[in-house]
Protein chains: 4
Amino acid sequence: MPRPSVEAERKAQILASTCKVIAAEGFRHLRVSDVAKDAGVSGGTVHYYFETKRELTDAAFEHCFEVSVARRRWILESDEPPLSRLRMVVESYLPEGAETVEAWKVWVELWVEAIRNPELQELNERFYGEWRDIVASIFRDGQASGDIHPSGDPLELANMMVSMLDGLALQVLAGSRAMTVDTMRTTCLRFVDQLSTANVGQPVAVAVRTPGIG
Amino acid sequence: MPRPSVEAERKAQILASTCKVIAAEGFRHLRVSDVAKDAGVSGGTVHYYFETKRELTDAAFEHCFEVSVARRRWILESDEPPLSRLRMVVESYLPEGAETVEAWKVWVELWVEAIRNPELQELNERFYGEWRDIVASIFRDGQASGDIHPSGDPLELANMMVSMLDGLALQVLAGSRAMTVDTMRTTCLRFVDQLSTANVGQPVAVAVRTPGIG
Amino acid sequence: MPRPSVEAERKAQILASTCKVIAAEGFRHLRVSDVAKDAGVSGGTVHYYFETKRELTDAAFEHCFEVSVARRRWILESDEPPLSRLRMVVESYLPEGAETVEAWKVWVELWVEAIRNPELQELNERFYGEWRDIVASIFRDGQASGDIHPSGDPLELANMMVSMLDGLALQVLAGSRAMTVDTMRTTCLRFVDQLSTANVGQPVAVAVRTPGIG
Amino acid sequence: MPRPSVEAERKAQILASTCKVIAAEGFRHLRVSDVAKDAGVSGGTVHYYFETKRELTDAAFEHCFEVSVARRRWILESDEPPLSRLRMVVESYLPEGAETVEAWKVWVELWVEAIRNPELQELNERFYGEWRDIVASIFRDGQASGDIHPSGDPLELANMMVSMLDGLALQVLAGSRAMTVDTMRTTCLRFVDQLSTANVGQPVAVAVRTPGIG
DNA sequence: AATGAATGAGGGTTCATTCAT
DNA sequence: CATGAATGAACCCTCATTCAT
């Protein structure tokens, strides 16, 4: 009577290790044996669940983003006012804290791989799109409630904001001395504040601490 | 009687090929032999000029960015009005056209590699910083001339803009159907327009065609 | 209440699958898992009945030849005249029809393996010997009845004939365009006819259709 | 100034080793590393000259047969009487002596592999065909000179003879106690003698010693 | 009696690097 | 200067075998 979930359990365990290794060593250096070691199984076992390395990494990317997007869905469902929710988005996006940094590194590796991998492009389309929609819906709420300037398409504003976050995070991850987490926070919050209908001259909002995006 | 410049010539030739291969195949798949083939030399010759693969790729990144940033320096020196220059920046940044796309791909690979490579972090700091400063100086000019809203730190605005460009370009390169070059252009130009002192409700400026960023 | 014969049944089923796989994929490519799949059991089950792969294949060869030789024993017992029986031998040997071809392929694999496997040499000695004796006895009958030339040792004639069949079949199996089943038939029947006491110039006997040797 | 024939030399050396390993271990057990060891080069070197194992073995088969057929071509050109030449064929075919036995083992492995490998089928067609033609031409000569019975198509007789040799050799190689080299010789020579126009009752010709077929 | 999860040794293949010429 | 032959460590993947259930 095999436990019903051995396969699901093992797969999840191996995929988590794969994400960990991708973040730690870079996709480029991922060795199946490292994943195995981290997962505490043999190399053969990894291949028992994933035919090829490619299949493994594709699944790992998917796994990582599922978790990642799910983790931030609460922001959408929060009943904080829209501008606060945008600030939460910023906070949750900052590459700070092991888990969030790990998630970021995996996203970045995904994007680079996606350039030449249609399967990953599809993955990005799906998860990135979902996230963009979450942010767009906050803008929509904000315009509806009058907290946010009525001019500007919510989707366009969302694209501005998430791309800005991506670009800045990239620099933070690349160890830029000119772009630290703090500078990133300030920059993003300023962008948010300028969208407020009560904007001019107000100080940048105090950072709201929220769980990371990991 | 070898010309004294034969070494410099060969090196440049090999580095150009390296960039080409990075863009075409991805850093991850770069083989020294591919570079050699593209450069029309033997594998041994590549190692004659670059001791290790790492040395080769580090040099190639440097080579690529030197060219890349130099190519866009004319925007800084243009005597167009600041807002036009910002629109030129946007245009020159769009991942459109073989050369620009190639340059973009190399930048992206650099960032990912830089996460774990201090040498590349330094490189990024240097070239990305130079580029950020170019953009910041345009904002400064715009505020001085009164074309751009006086509120907002020029450097911060520059960070917003270049990070937005980076983030959007990443999605375009990743083949996103939701983020095409056209959407990217519209989004960025809207951002620029909203900074204008003559901003509200004006239509998005007609795209100014400029050479790519390659 | 497991029937006592369940083991024998399962073994036979697994062995049949093994022969099938040997014929289909070649001994060289036989994987225990393929046998298991074909037999509709798990890989573990195969090893439950056969400790090692070697044990499995040795047993499979034996199984195959038992069936194979048994299938042709009726020729010995036929009361057709000796020359007819020889023609039946030829017909039953032609690598034509799925079953016969499968059997041939297994024989061939056996011979090659036997070169380095004493166990299989023994097997070959036994079954091949039995078959040779069957053919020799037909020659003996033919000489006794006067249908076949009295000169020539029956065993030697049998060796000539079966080796010729083997050599020709090998070429047919190897896909030779110069040695088709039809050419093989003609060649062998000519050999038989030339042994007849009423031999010179007679046309080759019409092929006698018989079941294959499988 | 690289020696002009490094490649040809190395290839020949590696192919010879490949044949040796095929004969010694069987095609089934051939490891690239064994070939490398026998050739006194590294595993990498083998792949430097042969992209894949398959390419290596295909080339090795070709190499082996080229040598093998060339070695026996002198029989065709001999000016001995046809029947003597046939006896020489028999002798040169007997799996006796290291070199000849090695060649035989490789032929046998080829045939088995050819069953599922069209490339090898082509190879067999070519070399086996050439050999069959050599033998057929001897029969033709014999009939022209009146030494050999005029009845019987030379090609058909050749097929009888070479297939008989193949079948018998197979049994010898498989270690049959009932089919030794001596029995094989006797059997084949009897076949030859029966073709003589001066045939009845003559003793089997004394074995003519010739170099092996290797 | 039977399974399927897990193993790990083994082998083909790749490729950066070396070096004699 | 430049080459191409040669290397060998590294890595992915296969598959016979084991064993708890």
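All of these numbers come straight from a predicted model, not from anything done at the bench. Note: hydrogens, waters and symmetry copies are ignored here, and every other heavy atom, side chains too, is used. So you know, we letter chains A, B, ... as the sequences are listed, proteins then strands, and number each from 1.
For the pair Thr52(A) and Val46(B), nearest-nucleotide mapping onto DNA chain F gives the more 5' position to Val46(B).
Counting non-hydrogen atoms under 4.0 angstrom, Phe50(C) reaches nothing in the nucleic acid. Among the atoms of the strands shown, only primed sugar atoms or phosphate atoms (P, OP1, OP2) are found under 4.0 Å from some heavy atom of Leu30(B).
Base pairing annotation: dA20(F) forms a Watson-Crick or G-U wobble pair with dT3(E), both donor-acceptor distances under 3.5 Å.
Residue Tyr48(A) has no polar side-chain atom (N or O) positioned under 4.0 Å from OP1 or OP2 of dA6(E). In terms of phosphate contacts, Ser42(D) brings a side-chain nitrogen or oxygen within less than 4.0 Å of OP1 or OP2 of dT7(F). For the OP1/OP2 pair of dA2(E) and a distance below 4.0 Å, the side-chain nitrogens and oxygens of Arg10(C) include at least one atom meeting the criterion.
In this structure, Glu102(B) contributes its side chain and Ala23(B) its backbone to no donor-acceptor pair below 3.5 Å.
Between Glu109(A) and Arg116(B), at least one side-chain nitrogen of the basic residue sits less than 4.0 Å from a carboxylate oxygen of the acidic one, meeting the salt-bridge criterion. Classification of Glu62(A) and Arg126(A) as a salt-bridged pair holds, one side-chain N sitting under 4.0 Å from a carboxylate O. Looking at Glu113(B) and Arg28(A), a side-chain N of the basic residue comes within less than 4.0 Å of a carboxylate O on the acidic one, giving a salt bridge.
For Lys53(B), the side-chain atoms get nearest to dA16(E) when compared with the rest of dG12(E), dA16(E), dA2(F). Closest contact between the side chain of His47(C) and the listed nucleotides dT14(F), dT7(E), dT18(F) involves dT18(F).
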